[in-house]
Q: 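Okay, here's the structure, questions in a sec.
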Amino acid sequence: MAKILPSLFGLSIENIKQKIEDIETLGYTKNEVIKMIKTFPALFSYSIDNIKQKAEDIVALGYTKDEVIKMTKILPSLFGYSMDNIKQKIEFYQLINIDYLLVDNAKYLMQSVELSYARYEFYKSKNIEINNKNYRLLFISQKKFENVYGIEKNELLKRYDYNDYIMQKEHQK
């Protein structure tokens with residue numbers, strides 16, 4: 001943990017205990033908070049107000065408080081993502097009707113929206129509809145994707161450019 005966040009050495013024991021207690025007040029158990037910190041030590045560098053605000057912002061995207069707690073236990077680094085990043089990903093997954101899967105599979109939020117969009121469009125071009133039965137296709141490893149489909153990530157991202165998609169969407173408004 002100290003390798004990832006050397007500033008830990010600058011925190012007092014009282015400060016560490018207080019941070020854990022503060023996070024517990026949001027609905028986590030002490031063991032869950034400790035596990036989250038082991039996974040994502042940078043959590044110590046965020047203020048409790050910042051953490052609360054991020055949780056509230058995610059709730060505003062359509063999830064319950066309990067769902068946000070579950071998601072952040074799985075992926076505590078979610079607290080470190082920008083809200084624009086989180087919002088883009090969730091809105092895209094809402095568009096393709098798999099956003100509900102993120103509650104139990106929050107790690108899918110680690111993948112860039114650009115890659116998810118490109119893979120989604122690639123599958124569409126192959127007449128493969130991504131749905132609740134085969135959604136894992138969006139998230140297979142890059143190596144497996146390249147081996148199965150013979151297309152490298154950079155080529156895929158060029159062919160199905162998410163920014164072009166966003167610009168087209170903006171012009172349609």
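If you read the sequence from its start, that first residue is 1, and numbering goes on from there. Computed over heavy atoms, backbone and side chain alike; hydrogens, waters and symmetry mates excluded.
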Q: Should F145 and F139 count as side-chain neighbours, where that means a heavy-atom distance under 4.5 Å?
A: no
Q: Which value, rounded to the nearest 0.5 Å, describes the distance between E114 atom CD and I166 atom CD1?
A: 9.0 Å
Q: Between E155 and R159, is there a salt bridge with N-O shorter than 4.0 Å?
A: yes
Q: State, yes or no, whether a side-chain contact exists between M83 and L61 at a heavy-atom distance under 4.5 Å.
A: yes
Q: How close do A118 and L157 get, counting heavy atoms only, and between which atoms?
A: CB-CD2, 4.0 Å
Q: Please assess M110 against Y81 for the test side-chain contact (heavy atoms from CB on, under 4.5 Å), listing each intermediate value before the final yes or no.
A: CA-CA 9 Å; M110 293 170 65; Y81 292 13; 3.4 Å; yes
Q: Is it possible for you to say whether I98 and Y165 belong to one hydrophobic cluster, with membership spreading through side-chain heavy-atom contacts below 4.5 Å?
A: yes
Q: With a 4.5 Å cut-off on side-chain heavy-atom distances among I, L, V, M, F, W and Y, is there a chain of contacts connecting M71 to I86?
A: yes
Q: Tell me whether Y120 contacts the main-chain N or O of I130 through its side chain, where contact means a donor paired with an acceptor under 3.5 Å.
A: no
Q: Should K30 and E24 count as an ion pair when the cut-off is N to O under 4.0 Å?
A: no
Q: Going by atom types alone, do Q18 and E14 pair a side-chain donor with an acceptor below 3.5 Å?
A: no
Q: How far apart are the C-alpha atoms of F92 and I96, what are their side-chain angles, what is the distance that settles it, and do they pass the side-chain contact (heavy atoms from CB on, under 4.5 Å) test?
A: CA-CA 7 Å; F92 176 70; I96 63 172; 3.8 Å; yes
Q: Of all heavy-atom pairs between F44 and I37, which one has the smallest distance, and what is that distance?
A: CE1-CG2, 3.2 Å
Q: Is there a side-chain contact between I90 and L109, using heavy atoms and a 4.5 Å cut-off?
A: yes
Q: For the atom pair NZ (K54) and CG (D49), what is the distance rounded to the nearest 0.5 Å?
A: 13.5 Å
Q: Quick one: are I48 and L26 in side-chain contact, heavy atoms under 4.5 Å?
A: yes
Q: Determine whether the side chains of S112 and Y117 contain a donor N or O and an acceptor N or O closer than 3.5 Å.
A: no
Q: Go through D57 and Q53 one step at a time and tell me if the side-chain contact (heavy atoms from CB on, under 4.5 Å) criterion holds.
A: CA-CA 6 Å; D57 291 345; Q53 186 61 57; 2.7 Å; yes
Q: Check the hydrophobic clustering (I, L, V, M, F, W, Y; side-chain heavy atoms under 4.5 Å; chains of links allowed) and say if L78 and V68 are grouped together.
A: yes
Q: So, S47 side chain and N50 main chain: donor-acceptor pair closer than 3.5 Å or not?
A: yes
Q: Rounded at 0.5 Å granularity, tell me how far CD in E152 sits from CD in E146.
A: 5.0 Å
Q: Could you check if a side-chain atom of Y160 sits within less than 4.5 angstrom of a side-chain atom of R119, using non-hydrogen atoms only?
A: no
Q: I'd like to know if the side chain of N134 reaches the main chain of E129, judged simply by a donor and an acceptor atom lying under 3.5 Å from each other, with no hydrogens or angles considered.
A: yes
Q: Is K89 reaching over with its side chain to a backbone N or O of V113, donor-acceptor style, under 3.5 angstrom?
A: no
Q: Output yes when a side-chain donor or acceptor of Q111 lies under 3.5 Å from a complementary backbone atom of L138, and no otherwise.
A: yes
Q: Taking atom types as modelled, is there a side-chain donor on D164 or Q168 under 3.5 Å from an acceptor on the other?
A: no
Q: So, for F79 and M36, which heavy atoms are closest and what is the spacing to 0.1 Å?
A: CE1-CE, 3.8 Å
Q: So if you build clusters from Ile, Leu, Val, Met, Phe, Trp, Tyr with side-chain heavy-atom gaps below 4.5 Å, do I34 and L75 land together?
A: no
Q: Would Y93 and Y135 count as a close aromatic pair, with their ring centres under 6.0 Å?
A: no
Q: Distance-only, no hydrogens or angles: does the D104 side chain make a donor-acceptor pair with backbone N or O of L101 under 3.5 Å?
A: no
Q: Hey, mind stepping through Y100 and Y63 against ring pair (Phe, Tyr, Trp, His ring centres under 6.0 Å) and telling me if it holds?
A: CA-CA 9 Å; Y100 65 93; Y63 295 95; over 10 Å; no
Q: Using side-chain heavy atoms (C-beta onward) and a distance below 4.5 Å, is F122 in contact with I128?
A: no
Q: Please confirm whether the backbone N or O of V103 pairs with a side-chain atom of K70, one donor and one acceptor, at under 3.5 Å?
A: no
Q: With side chains defined as the heavy atoms from C-beta onward, is the minimum distance between T64 and V59 less than 4.5 Å?
A: no
Q: Taking side chain as C-beta onward, heavy atoms only, is K143 less than 4.5 Å from N147?
A: yes
Q: Please determine, by modelled atom types, if Y108 and S116 share a side-chain donor-acceptor pair under 3.5 angstrom.
A: no
Q: Would I58 and Y28 show up in the same hydrophobic cluster when neighbours are defined by side-chain heavy atoms closer than 4.5 Å?
A: no
